[in-house]
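A, B, ... follow the sequence lines: proteins, then strands. Residue 1 opens every chain. No experiment lies behind these values; they were computed from the predicted model shown.
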Amino acid sequence: MSLTLYNTLTRSKQPFEPIDPERIAMYVCGPTVYNRVHIGNARPAVVFDTLYRVLNTLYPKVEYARNITDIDDKIMKTAAELGEDISALSTRYAQAYFDDMAALNNLSPTIVPYATQHIPEMIDMVTRLIEKGHAYNIDNGVEGEQGHVLFAVQSMSDYGALSGRSLDDMLAGARVEVASYKKYAGDFVLWKPSADNEPGWDSPWGRGRPGWHLECSAMIEKHLGDTIDIHGGGQDLIFPHHENEIAQSCCAHDGKPFANVWMHNGFINIEGEKMSKSLGNFRMVNDLLEQYPGEVLRYVILSAHYRSEQNFGKDLLDSAWRSLDTLYGFLRTHNDIEAASVDISDSDAYIALLDDLNTPMAISELHKLAREMHSAEGDNLPLAKGRLLANAGLMGLLQQDPEQWFTLSRGSDDISAEDVEALIAKRNQAKTDKDYAGADAVREELKSLGVVLEDSREGTKWRRG
RNA sequence: GGCGCGGUAGCAAAGUGGUAAUGCUGUGGACUGCAACUCCGCCAUCGUCGGUUCGAUUCCGACCCGCGCCUCCA
């Protein structure tokens with residue numbers, strides 16, 4: 001089997017052909033660290049983490065880079081508002097991002113480059129772009145204009161290829177006022193001057209800071225090479241961010257392709273509406289994590305195809321939680337069975353993932369595998385369990401201890417495990433005494449505390465639900 | 001105005017030219033002291049209208065509806 005991916009560049013699914021099968025290079029746009037991240041930021045992380053896991057089954061070495069944008073006007077603004085040092089702020093939120101992503105069972109990327117640690121590389125790239133006639137420096141001494149370096153989009157013949165726009169199209173609907181010093185309205189900033197009270201770095205064009213798009217091009221060049229296999233990010237980044245990355249990198253490399261496959265995940269909406277400041281409906285990952293296990297968030301994200309728009313809501317989260325309860329319930333029943341190591345290369349779940357990351361299909365196969373495990377007997381049981389766990393592992397699911405899944409506290413004021421055990425003992429005594437009314441009273445009491453009891457031949461199990 | 005996406009059961013969501021996976025919910029039954037878990041079963045003709053075809057939800061066209069992007073929002 002081979003991997004097929006949808007390429008935004010060609011707007012079609014195509015077989016993935018690595019540049020070098022010994023080393024796959026993938027880059028995904030990471031967060032700008034000026035706040036906690038919302039669930040929409042988590043989608044690309046989960047999606048491309050899953051792709052990373054799949055790639056690792058196919059190739060010996062996968063270099064997966066996800067950047068941290070730690071210099072940006074939004075960061076500067078927030079730091080000023082909080083009266084906090086910019087690097088302290090960005091360090092704090094970068095760590096918060098890592099924590100949130102880890103809670104969603106994302107593996108760490110192999111490379112996590114920071115923008116501020118690549119300023120020389122960025123300046124070098126701008127210098128080359130100017131030399132090659134793709135960029136120009138504003139050197140007119142005019143306050144507010146002096147010190148800008150702009151990319152000249154007209155110097156690139158196929159600018160707009162990724163987003164499918166012509167220069168005229170882009171300008172026709174432009175909503176933003178055009179700076180007068182631009183030679184052409186579509187030109188974008190590579191380098192901009194910093195005021196004395198703003199962070200800045202010395203450059204051939206004066207003290208300043210990089211434009212947003214520059215860091216990705218420079219860091220990819222440094223860590224992954226001129227041409228990479230896969231570049232990913234949110235759908236909204238197609239234009240202008242990725243378009244401009246392509247412009248910078250291709251022009252700096254005399255037209256060499258930048259990324260062979262461009263992948264973009266769809267947006268997450270909240271109860272049918274786009275997350276936005278005006279609606280005040282952002283769902284921050286850390287807030288959600290107070291109410292739901294990270295695996296529930298991950299399951300929800302993977303329950304829809306990554307290119308589709310997805311509606312986040314309470315019903316969806318609760319439904320996902322119950323689905324995971326069912327799966328972990330099967331695993332709990334067979335907790336004493338040791339999973340056999342199995343070859344999953346011909347499993348339907350794996351095949352689904354190879355088809356442009358069809359995670360909804362793969363998850364449905366997980367449910368089938370769980371039922372197969374449940375009905376398996378003898379030597380087939382360890383094999384069936386192995387198949388379930390291995391396939392789930394490709395998506396970062398079902399890897400925790402099922403006992404823990406059901407008994408871990410699900411809220412701040414939960415009854416303790418010890419107290420639950422004590423009440424179960426009390427109930428068992430009542431049952432032994434044939435005092436069923438008393439036993440039921442205990443059951444009801446625990447139920448009101450969010451604990452469900454399950455009797456079986458082996459004794460009474462409990463879970464929070 | 002330009003570019004693009006989507007409309008499948010109560011909800012979510014795959015998929016296929018030959019009458020539609022999977023999960024949650026609901027519901028009938030088995031199991032159970034009662035439950036829960038689990039097991040067996042039931043619950044859709046795929047936005048509308050045309051066309052192509054032996055046959056379309058799946059291809060083509062029109063229409064209706066919803067949505068995204070168009071310079072820094074994943």
Among B/G15, B/A74, B/U71, the one nearest A/Asn358 by side-chain distance: B/G15
Aromatic contact, A/His374 with A/His334 (centres under 6.0 Å): yes
Touch class at under 4.0 angstrom, heavy-atom based, for A/His374 against every strand present: sugar-phosphate
Pair A/Arg298 + A/Glu295: basic N to acidic O under 4.0 Å: no
Nucleotide nearest A/Ala304 when distance is taken to its side chain, options B/A36, B/A13, B/U38: B/A13
Rounded C1' spacing from B/U16 to B/A44 in Å: 16 Å
A/Glu377 atom CD: more than 12 heavy-atom contacts under 6.0 Å: no
Sugar-phosphate, base or nothing in reach of A/Lys434, heavy atoms under 4.0 Å: nothing
Upstream residue (5' side of RNA chain B) when A/Tyr34 and A/Tyr306 are each assigned their closest nucleotide: A/Tyr306
Within the 6.0 Å centroid threshold, strictly below: A/His148 and A/Trp191: no
Per A/Arg463 side chain, nearest of listed nucleotides B/A14, B/A36, B/A74: B/A36
Basic-acidic side-chain contact under 4.0 Å: A/Lys447, A/Asp440: no
Near-parallel close stack of A/Phe267 and B/A74 base (under 5.5 Å, under 30°): yes
Among B/C70, B/A12, B/A36, the nucleotide that comes nearest once only the side chain of A/Arg165 is considered: B/C70
From B/A74, B/A36, B/A14, nucleotide with atom closest to A/Ile268 side chain: B/A74
B/U16 - base-pair partner by Watson-Crick or wobble geometry, distances under 3.5 Å: none
Touch class at under 4.0 angstrom, heavy-atom based, for A/Leu237 against every strand present: sugar-phosphate
Touch class at under 4.0 angstrom, heavy-atom based, for A/Glu309 against every strand present: sugar-phosphate
Under 4.0 angstrom between A/Ser308 side-chain N/O and B/A14 OP1 or OP2: yes
Touch class at under 4.0 angstrom, heavy-atom based, for A/His264 against every strand present: nothing
Sugar-phosphate only, base, or nothing, as touched by A/Gly40 at under 4.0 Å among non-hydrogen atoms: base
Rounded C1' spacing from B/A56 to B/C3 in Å: 30 Å
A/Tyr328 and A/Trp405 aromatic ring geometry - parallel, tilted or perpendicular at 30°/60° bounds: parallel
Selected nucleotide, minimal atom distance to A/Lys182 side chain, candidates B/A74, B/U71, B/C39: B/U71
Base versus backbone protein contacts along nucleotides 23-34 of chain B [heavy-atom cut-off under 4.0 Å; B, S, -]: SSS-------BB
Parallel, tilted or perpendicular: ring planes of A/His231 versus A/Trp262, cut at 30 and 60 degrees: parallel
Counter-base of B/U52, judged by Watson-Crick or G-U geometry with both distances under 3.5 Å: none
Value in whole Å for how far the P atom of B/A74 lies from CD1 of A/Ile68: 12 Å
Distance between P atoms of B/G4 and B/C43 (Å, rounded): 42 Å
Atom P, compared across B/A9 and B/U45: separation rounded to whole Å: 9 Å
